[in-house]
Amino acid sequence: MRRSSRNPFLRLPITLGNDVIHHLIHADHILQITAEDELSCSLELINGKEYQVELDLKAMEHLLNQAYGHELAQPALDL
């Protein structure tokens with residue numbers, strides 16, 4: 001994939017209270033991704049905001065691979 005075709009924005013299902021909304025987040029602003037459970041993870045952004053996303057780590061990895069146009073490193077596994 002060419003660098004010019006990279007789309008750094010991710011449209012993610014974010015939990016706000018009892019609702020799930022779709023929110024655009026710039027992939028370059030994600031500082032850390034942490035698994036919450038089997039179906040969701042939390043994102044920490046460089047501006048200090050945190051969001052709970054209704055996607056698992058595998059789905060987030062796939063979205064980030066698409067956003068960057070190449071495969072990223074695998075997430076660390078807790079042993």
Side-chain angles (χ1 to χ4, degrees):
M1 182 180 281
R2 294 177 310 179
R3 190 157 184 79
S4 62
S5 65
R6 177 179 180 247
N7 181 5
F9 290 96
L10 305 174
R11 187 171 183 257
L12 301 174
I14 303 291
T15 302
L16 290 177
N18 293 331
D19 298 326
V20 176
I21 64 165
H22 283 87
H23 188 64
L24 284 178
I25 294 180
H26 196 289
D28 292 342
H29 295 174
I30 298 173
L31 182 63
Q32 183 172 329
I33 303 171
T34 308
E36 291 294 319
D37 55 38
E38 292 180 6
L39 301 175
S40 67
C41 60
S42 64
L43 299 180
E44 182 181 347
L45 304 181
I46 57 175
N47 64 1
K49 291 185 179 180
E50 291 188 29
Y51 295 106
Q52 183 172 356
V53 180
E54 296 300 314
L55 295 172
D56 63 6
L57 282 177
K58 190 71 175 168
M60 280 301 302
E61 178 186 350
H62 178 73
L63 288 175
L64 288 170
N65 286 344
Q66 288 182 330
Y68 284 105
H70 59 82
E71 194 167 320
L72 299 174
Q74 295 289 325
L77 299 175
D78 293 329
L79 299 177

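Computation of the quantities below employed the complete heavy-atom set of this structure, encompassing side-chain atoms and omitting hydrogens, waters and symmetry-equivalent molecules.
Residues H23 and L16 form no side-chain contact, since every pair of their non-hydrogen atoms from C-beta on lies 4.5 Å or further apart. L31 is not listed as a side-chain neighbour of L45, based on a closest heavy-atom distance of 4.5 Å or more. The closest side-chain heavy-atom distance from V53 to I14 is below 4.5 Å. Considering only heavy atoms from C-beta on, I25 comes within 4.5 Å of Y51 through its side chain. Side-chain contact check for I33 versus L43: some heavy-atom pair is nearer than 4.5 Å. Looking at heavy atoms from C-beta onward, L10 lies in side-chain contact with L64 at the 4.5 angstrom threshold.
To the nearest 0.5 angstrom, C41 atom SG is 7.5 Å from D56 atom CG. Going from atom NE2 of H26 over to atom CG of N7 covers 8.5 Å, rounded to the nearest 0.5 Å.
Taking hydrophobic clusters as Ile, Leu, Val, Met, Phe, Trp and Tyr residues chained together by side-chain heavy-atom distances below 4.5 Å, M60 shares a cluster with I21.
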Original post:
Could you walk me through whether Q52 and S40 pass the side-chain hydrogen bond (donor to acceptor under 3.5 Å, both in side chains) check?
Top reply: CA-CA 7 Å; Q52 183 172 356; S40 67; 3.2 Å; yes

